[in-house]
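Encoded as structure tokens, the structure appears first; notes follow it.
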Amino acid sequence: MEIPNTTYIDQLAGDDHVFKEKLIKILKKEFPQEILNYENNIKAKAFIKAAKNVHKLKHKFGILGLEKGYTIAIEYEENLKIASTQLQSEFDDILQRANTFVQSL
């Protein structure tokens, strides 16, 4: 199981602690709303909209060092485009771990 981390953020920000805090602040603000949009679209069976949500969320996975999660998100996004929820459970687990981590930052 992958563990979210700030390695990419640390590399991107370098010694600029103000920039790092700005990135984290953006993550903490955007991530919960993106999750809510995704969950609402899944509940409504609006799979194309949910695929667009997953597309945005997968980039957050990359920022959080979740390489396997990113790969699963790519596959899940494609599944949603054909109205398949295959990989939803795996994606949702990664999403929950990532969200818990982001909120702890």
Side-chain angles (χ1 to χ4, degrees):
M1 173 186 344
E2 282 184 303
I3 299 171
N5 60 73
T6 60
T7 302
Y8 177 76
I9 294 170
D10 293 339
Q11 290 172 347
L12 192 61
D15 292 333
D16 190 341
H17 299 289
V18 173
F19 181 63
K20 179 179 177 178
E21 288 305 314
K22 284 182 182 180
L23 288 174
I24 291 170
K25 185 176 180 179
I26 290 168
L27 265 176
K28 291 178 90 162
K29 179 181 178 185
E30 290 180 358
F31 204 56
Q33 185 59 51
E34 290 175 1
I35 292 170
L36 182 61
N37 292 341
Y38 159 74
E39 290 173 342
N40 288 338
N41 286 322
I42 286 295
K43 287 177 188 172
K45 297 190 186 304
F47 297 122
I48 297 299
K49 289 180 180 180
K52 290 178 182 179
N53 301 135
V54 170
H55 181 80
K56 287 183 178 181
L57 289 163
K58 78 180 175 194
H59 295 294
K60 301 290 193 300
F61 290 176
I63 290 169
L64 296 172
L66 298 168
E67 293 176 25
K68 291 178 186 174
Y70 184 88
T71 301
I72 288 171
I74 290 171
E75 293 178 43
Y76 182 47
E77 178 183 355
E78 293 304 313
N79 290 345
L80 288 170
K81 290 178 183 178
I82 58 170
S84 169
T85 58
Q86 185 177 6
L87 295 177
Q88 180 179 353
S89 178
E90 292 90 335
F91 179 83
D92 288 353
D93 287 345
I94 297 162
L95 189 60
Q96 179 60 42
R97 275 186 278 128
N99 189 41
T100 299
F101 178 74
V102 167
Q103 297 312 312
S104 75
L105 293 174

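For the numbers below, each heavy atom of this structure counts, side chains included, while hydrogens, waters and symmetry mates do not. What you see is a predicted model; the values in this text were computed from it and never measured.
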Q) Honestly curious: do Leu36 and Tyr76 fall in one hydrophobic cluster under the side-chain, below-4.5 Å linking rule? A)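 No, no single cluster joins them.
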
Q) Would you say Val102 and Phe19 are hydrophobically clustered, going by side-chain heavy atoms of ILVMFWY under 4.5 Å? A) yes

Q.
I'd like to know if the side chain of Glu2 reaches the main chain of Lys68, judged simply by a donor and an acceptor atom lying under 3.5 Å from each other, with no hydrogens or angles considered.
A. yes

Q | Side-chain donor/acceptor of Arg97 to backbone N/O of Met1, under 3.5 Å | A |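 Pair absent, no side-chain N/O of Arg97 close to backbone of Met1.
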
Can you tell if the side chain of [X] reaches within under 4.5 Å of the side chain of [Y], non-hydrogen atoms only?
X      : Y     : result
Ile35  : Leu95 : yes
Ile63  : Ile9  : yes
Phe101 : Thr6  : yes
Thr85  : Asn79 : no
Glu78  : Ser84 : no

Q. Is there a donor in the side chain of Lys56 and an acceptor in the side chain of His59, or the other way round, less than 3.5 Å apart?
A. no

Q: Classify the side-chain pair Gln11/Thr7 by whether it contains a donor and acceptor separated by less than 3.5 Å.
A: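 Gln11 vs Thr7: no donor-acceptor pair found between side chains.
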
Atom [atom1] in [X], atom [atom2] in [Y]: separation rounded to 0.5 Å?
X     : Y     : atom1 : atom2 : result
Thr71 : Leu66 : OG1   : CG    : 10.5 Å
His55 : Lys52 : NE2   : NZ    : 10.5 Å
Asp10 : Asp15 : CG    : CG    : 10.5 Å
Lys43 : Glu39 : NZ    : CD    : 6.0 Å

Q: Assess whether side chain to side chain contact (heavy atoms under 4.5 Å, CB included) is satisfied between Gln86 and Glu75, documenting all intermediate values.
A: CA-CA 9 Å; Gln86 185 177 6; Glu75 293 178 43; over 6 Å; no

Q. Is the CD atom of Glu67 crowded by more than 12 outside heavy atoms at less than 6.0 Å?
A. no

Q) Is there a salt bridge (Lys or Arg N to Asp or Glu O under 4.0 Å) between Glu30 and Lys60 once you walk through the steps? A) CA-CA 10 Å; Glu30 290 180 358; Lys60 301 290 193 300; 3.2 Å; yes

Q: Of all the heavy-atom pairs spanning Ala51 and Glu77, show the shortest one and how long it is.
A: O-CG, 3.6 Å

**Q.** For the student: nearest non-hydrogen atoms of Ala98 and Pro4, plus distance
**A.**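 So the minimum-distance heavy-atom pair works out to CA-CG, 4.1 Å.
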
Q. Which is it for Phe47 and Ile82 under the side chain to side chain contact (heavy atoms under 4.5 Å, CB included) test, yes or no, and what are the steps along the way?
A. CA-CA 8 Å; Phe47 297 122; Ile82 58 170; over 6 Å; no

Q: Given side chain to side chain contact (heavy atoms under 4.5 Å, CB included), test Ile42 with Leu80 step by step and report yes or no.
A: CA-CA 9 Å; Ile42 286 295; Leu80 288 170; 3.9 Å; yes

(Q) Once you measure the plane-to-plane angle for Phe61 and Phe91, does it fall in the parallel (<30°), tilted (30-60°) or perpendicular (>60°) bin? (A) tilted

Donor-acceptor pairs are to be reported for all side-chain atoms of residues 21-28 against protein atoms at under 3.5 Å, with residues two or more places apart or in another chain.
| unit_1 | atom_1 | unit_2 | atom_2 | d |
| --- | --- | --- | --- | --- |
| Lys28 | NZ | Leu105 | O | 2.6 |

Q: Return the set of residues passing side-chain contact (heavy atoms from CB on, under 4.5 Å) with Asp92 (not counting sequence neighbours), or none when no residue passes.
A: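 Residues passing side-chain contact (heavy atoms from CB on, under 4.5 Å) with Asp92: Tyr38, Gln88.
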
Q. Among all residues two or more places apart in sequence or in another chain, which pass the side-chain contact (heavy atoms from CB on, under 4.5 Å) test with Asn41?
A.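 With neighbours one apart ignored, the set is Ala46, Lys49, Ala50, Asn53.
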
